[in-house]
Amino acid sequence: MGLQSDLLAWAERSRRDLPWRRTRDPWAVLVSELMLQQTQVARVAPRWADFLERFPTASECAAASVGDVVRAWEGLGYNRRAVSLHRTAVTVVERHGARLPADLRALQALPGVGPYVARAVLAFAFEQDVGVLDTNAARVLARAVAGRRLGTRAEAQAMADSLVPASRGWVWNQAVLDLGALVCTRRRPDCGRCPLARHGAGRRGSCRWDAAGRPEPDPVEGSAGVAGRQTPFVGSDRQGRGRLVAALRRSPVPVTELPAAAGWSTTEDGQARARRIAGSLVADGLAVVGADGCLRLP
DNA sequence: GAAGCGTGGTT
DNA sequence: TAACCACGCTT
């Protein structure tokens, strides 16, 4: 009984059949996690298989140009991830014999790979018993396990690691992530459908927050590991970068046409912004300036 | 219009 | 160490 068996039983019943859950290939798992880390399942699902068809291994990705990887990343957003993925592929070929290391520190040393992706690869490709902590898992920990706000990331990670049932890391982490994403959501947790909540009399339930009567404030408020609010997107540099990269995917852009490609007027202000955005793309390895005065993908 | 979100660089 | 901010696209 208890939280762990409640959650594992729920995972068994509500098994989600996502394509990347059928593979244990570390490269394929890495690609899926890099896509999923900031892009929703519905948008990743059709693109993951296409990307792997194009770049089935780290070696083939490393051999391609950055521009080809950025083009294959279209529609996923946060294009720096594509540059990081290419760099990671090169590093894996040069330093790890073209195979992803099954080691937390070595994985985290790869560009674009942080605590979440490194542990996801360990859990979902190498089937190690580590706690995978993203914002969904952090909500489940704060509400159901702690019943209170988590103070630090280290505390949340230690809690995540300590909960993993021995030799069940793969299914356990899938279950925690699914519960956070589908049921224990940020704004309106669906406790009526939660396997951890008490339903009617006679059974206690294994969620501490629910057992306490779900008092305010919600434990996720200000809790470590739980994502906060985003700054507005419309009119932001991020929006301009996205439009500029979209234009670069089609063809090189003459420097004089940068403001239009970024979606801004050719006022002095628009030109200054466009230059700044182009500079940030170059700094991120997403663009280069050619001898012909055009900005293009590397 | 707003929500969703991990990494890396900086403080 | 830990918090903060920039980074995109779809529904």
Side-chain angles (χ1 to χ4, degrees), chain A residues 29-48 70-88 91 104-105 107-124 131-140 149-158 160 173 177-178 180-189 220-249 261-263 273 276-287:
Chain A
V29 169
L30 174 72
V31 170
S32 75
E33 293 301 336
L34 285 173
M35 290 180 172
L36 289 164
Q37 73 180 46
Q38 296 188 253
T39 307
Q40 284 147 349
V41 165
R43 238 181 321 144
V44 169
R47 296 171 191 279
W48 176 76
V70 171
R71 271 183 276 269
W73 200 260
E74 181 162 22
L76 293 169
Y78 289 105
N79 296 296
R80 287 197 301 198
R81 290 183 295 172
V83 178
S84 294
L85 180 55
H86 182 261
R87 287 181 182 151
T88 277
T91 305
L104 182 62
R105 295 179 62 126
L107 285 168
Q108 273 198 231
L110 297 169
V113 178
Y116 166 74
V117 172
R119 285 181 172 81
V121 169
L122 288 179
F124 300 140
V132 180
L133 183 64
D134 71 348
T135 191
N136 297 305
R139 280 197 307 271
V140 174
R149 197 179 77 88
L150 300 175
T152 65
R153 202 165 260 283
E155 182 191 0
Q157 184 63 62
N173 282 295
L177 264 38
D178 273 356
L182 301 173
V183 178
C184 197
T185 56
R186 166 88 218 217
R187 291 196 317 152
R188 290 189 37 191
V220 304
E221 294 300 333
S223 195
V226 176
R229 291 200 180 83
Q230 273 279 0
T231 51
F233 174 66
V234 174
S236 69
D237 284 3
R238 281 161 58 213
Q239 186 180 35
R241 272 175 62 112
R243 286 195 287 235
L244 191 42
V245 171
L248 294 176
R249 282 193 183 97
R273 283 187 79 184
R276 193 176 71 241
I277 270 47
S280 76
L281 293 181
V282 171
D284 284 346
L286 271 164

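A quick note: this is a predicted structure, and the numbers were derived from the prediction, not measured. Lettering follows sequence order; numbering is per chain, from 1.
For residues 31-48 of chain A, there are no salt bridge (charged side-chain N to carboxylate O under 4.0 Å, His left out) pairs, not counting sequence neighbours.
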Would you sort out whether V83(A) and D284(A) count as a side chain to side chain contact (heavy atoms under 4.5 Å, CB included), showing the intermediate values? CA-CA 8 Å; V83(A) 178; D284(A) 284 346; 6.0 Å; no
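Looking at every heavy atom in both residues, D134(A) comes nearest to L177(A) through OD1-CD1, 3.6 Å. Considering all non-hydrogen atoms of both residues, L104(A) and A118(A) come closest at CD1-CB, 3.8 Å. Residues R153(A) and G225(A) come closest through the heavy atom pair NH2-CA, 3.7 Å. Residues R81(A) and M35(A) approach most closely at NH1-O, 3.0 Å, considering heavy atoms. Between R139(A) and T185(A), the shortest heavy-atom contact is NE-C, 3.6 Å.
Comparing Y116(A) and R187(A) along DNA chain B, the residue whose closest nucleotide (by nearest heavy atom) sits nearer the 5' end is R187(A). The 5' end of DNA chain C is approached more closely, in terms of each residue's nearest nucleotide, by G151(A) than by the other of S236(A) and G151(A).
Residue R186(A) is in sugar-phosphate contact alone, with no base atom involved, counting any heavy-atom pair closer than 4.0 Å across all strands shown. Backbone-only contact: R139(A) has heavy atoms under 4.0 Å from sugar-phosphate atoms and none from a base. Backbone-only engagement by P111(A) is indicated by non-hydrogen atom pairs under 4.0 Å involving sugar-phosphate atoms exclusively. The residue V234(A) sits apart from the nucleic acid: no heavy atom pair falls under 4.0 Å.
Residues from residues 276-286 of chain A placing a heavy atom under 4.0 Å of any atom in DNA chain C do not occur.
Here the side chain of R186(A) pairs a donor or acceptor atom with the backbone of A227(A) at under 3.5 angstrom.
Residues passing the side chain to side chain donor-acceptor pair (under 3.5 Å) test with D237(A) are R273(A), R276(A), sequence neighbours excluded. Considering only residues two or more places apart in sequence or on other chains, R243(A) meets the salt bridge (Lys or Arg N to Asp or Glu O under 4.0 Å) condition with none of them.
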Could you list the protein-to-nucleotides 9-11 of chain C atom pairs, N/O on both sides, closer than 3.5 Å?
unit_1: dC9(C); atom_1: O3'; unit_2: G75(A); atom_2: O; d: 3.3
unit_1: dC9(C); atom_1: O2; unit_2: R43(A); atom_2: NH2; d: 3.3
unit_1: dT10(C); atom_1: O4'; unit_2: R43(A); atom_2: NE; d: 3.3

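Here the range on DNA chain B touched by chain A, meaning any atom under 4.0 Å from one of its heavy atoms, is dG4(B) to dG8(B).
Paired with L34(A) under the rule side-chain contact (heavy atoms from CB on, under 4.5 Å), one option of L85(A), T88(A), T39(A) passes, and it is L85(A).
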